[in-house]
Peer 1: 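Let me give you the structure first, and then I'll get to my questions.
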Amino acid sequence: MRVLRHEAEPGSWELVTRAPDPGLSGYVGEYQGYVESGLPAPVRQEVPIPVIPLIVNFGSSWNVASSATGPHVSRDSFVAGLSVTSAFVGAAGPASCMQVNLTPLGAHMLFGLPMHELANQVVPLEDALPRAVAPLAEALEDKGSWNDRFALL
């Protein structure tokens with residue numbers, strides 16, 4: 001497990017990463033845990049990467065846009081399909097979430113969807129995994145440590 005932290009006058013963040021179980025090799029690239037507090041929340045440019053991020057959110061919603069100043073959609077838990085352009089993402093307030101970076105094959109097997117149906121989109125996770133989202137988000141939030149959260153994932 002790797003932990004990165006930053007603290008400054010306007011706020012702080014923590015990013016914790018861990019490799020998934022070896023049995024998920026080829027399906028999951030990495031797990032991430034993230035918390036952020038402070039105002040204003042930064043907007044980050046997320047460049048295209050060859051993974052499908054699945055975000056299980058238990059903090060403020062996330063604003064996602066195709067440009068730094070363009071209109072955004074607000075999402076709680078979501079999945080972002082493969083894209084050829086950047087996305088601009090920022091939390092609407094204090095952030096707390098877990099991220100699973102799925103390979104295209106892993107996303108196809110988990111969601112049962114062809115990847116072109118997710119391409120260039122940010123889809124609410126409850127649309128892709130209707131029964132699993134609320135209980136998983138609540139269970140992850142209730143865990144007391146990153147190790148316990150990663151074990152649950």
Peer 1: Tell me whether Leu15 shares a hydrophobic cluster with Leu153, the cluster being built from Ile, Leu, Val, Met, Phe, Trp, Tyr side chains joined at under 4.5 Å.
Peer 2: no

Peer 1: Do Val89 and Val122 have side-chain heavy atoms sitting under 4.5 Å apart?
Peer 2: no

Peer 1: If you define the side chain from C-beta out and look only at heavy atoms, does anything of Trp146 sit under 4.5 Å from Met98?
Peer 2: yes

Peer 1: CG of Asp127 to CZ of Arg75: how many Å apart, nearest 0.5 Å?
Peer 2: 8.0 Å

Peer 1: Considering non-hydrogen atoms only, spot the tightest contact between Ser61 and Ser74 and give its length.
Peer 2: OG-OG, 3.2 Å

Peer 1: Do Phe111 and Leu125 make a side-chain contact, defined as non-hydrogen atoms from C-beta onward lying under 4.5 Å apart?
Peer 2: yes

Peer 1: When clusters are formed by joining ILVMFWY residues with side-chain heavy atoms under 4.5 Å apart, either directly or through shared neighbours, do Leu24 and Leu152 land in the same one?
Peer 2: yes

Peer 1: Are the side chains of Leu82 and Ile52 in contact, using a 4.5 Å heavy-atom criterion?
Peer 2: yes

Peer 1: Do side-chain atoms of Thr103 reach the backbone of Gly26 as a donor and acceptor pair under 3.5 angstrom?
Peer 2: yes

Peer 1: For Glu7, does the CD atom have more than 12 heavy-atom neighbours from other residues, nucleotides or ligands under 6.0 Å away?
Peer 2: no

Peer 1: What closest approach, in Å, do Asp76 and Trp62 show between heavy atoms, and which atom pair accounts for it?
Peer 2: O-CD1, 4.0 Å

Peer 1: Give a yes or no on whether Val56 and Met1 share a hydrophobic cluster (residues Ile, Leu, Val, Met, Phe, Trp, Tyr; joining criterion: side-chain heavy atoms under 4.5 Å apart).
Peer 2: yes

Peer 1: For a quick test of reading the model, state the closest non-hydrogen atom pair linking Ser86 to Val47 and the distance between them.
Peer 2: OG-CA, 3.8 Å

Peer 1: Measuring only between side-chain heavy atoms, which start at C-beta, is Pro124 closer than 4.5 Å to Ser77?
Peer 2: no

Peer 1: Would you tell me whether Glu36 and Tyr34 have side-chain atoms, one donor and one acceptor, within less than 3.5 Å of each other?
Peer 2: yes

Peer 1: To the nearest 0.5 Å, what is the distance between CG on Leu54 and CG on Leu110?
Peer 2: 6.5 Å

Peer 1: State whether the side chain of His108 and the backbone N or O of Leu113 hold a donor-acceptor pair below 3.5 Å, judged by distance alone.
Peer 2: yes

Peer 1: Would you check if Asn57 and Phe78 make a side-chain contact, meaning some heavy-atom pair closer than 4.5 Å?
Peer 2: no

Peer 1: With clusters defined by side-chain heavy atoms of hydrophobic residues (ILVMFWY) lying less than 4.5 Å apart, directly or transitively, does Val64 cluster with Val43?
Peer 2: no

Peer 1: CG of Leu105 to CE of Met115: how many Å apart, nearest 0.5 Å?
Peer 2: 9.0 Å

Peer 1: So does Val35 get a backbone contact from the side chain of Ser96, meaning a donor-acceptor N/O pair under 3.5 Å?
Peer 2: no

Peer 1: To the nearest 0.5 Å, tell me how far Asp142 CG sits from Asp148 CG.
Peer 2: 11.5 Å

Peer 1: At their closest point, which heavy atom of Ala65 faces which heavy atom of Pro71, and how far apart are they?
Peer 2: CB-O, 3.3 Å

Peer 1: Shortest non-hydrogen contact from Tyr31 to Val28?
Peer 2: CE2-CG1, 3.8 Å

Peer 1: Taking atom CZ of Arg2 and atom CZ of Arg18, what is their separation to the nearest 0.5 Å?
Peer 2: 15.0 Å

Peer 1: Say whether Val51 and Met109 are linked into one hydrophobic cluster, either directly or through other cluster members, by side-chain heavy-atom distances under 4.5 angstrom.
Peer 2: no

Peer 1: Measuring from atom CD of Glu46 to atom CZ of Phe88, what distance do you get when rounded to the nearest 0.5 angstrom?
Peer 2: 10.0 Å

Peer 1: Measure across Gln99 and Ile55 and return the closest heavy-atom pair with its distance rounded to 0.1 Å.
Peer 2: OE1-CD1, 3.1 Å

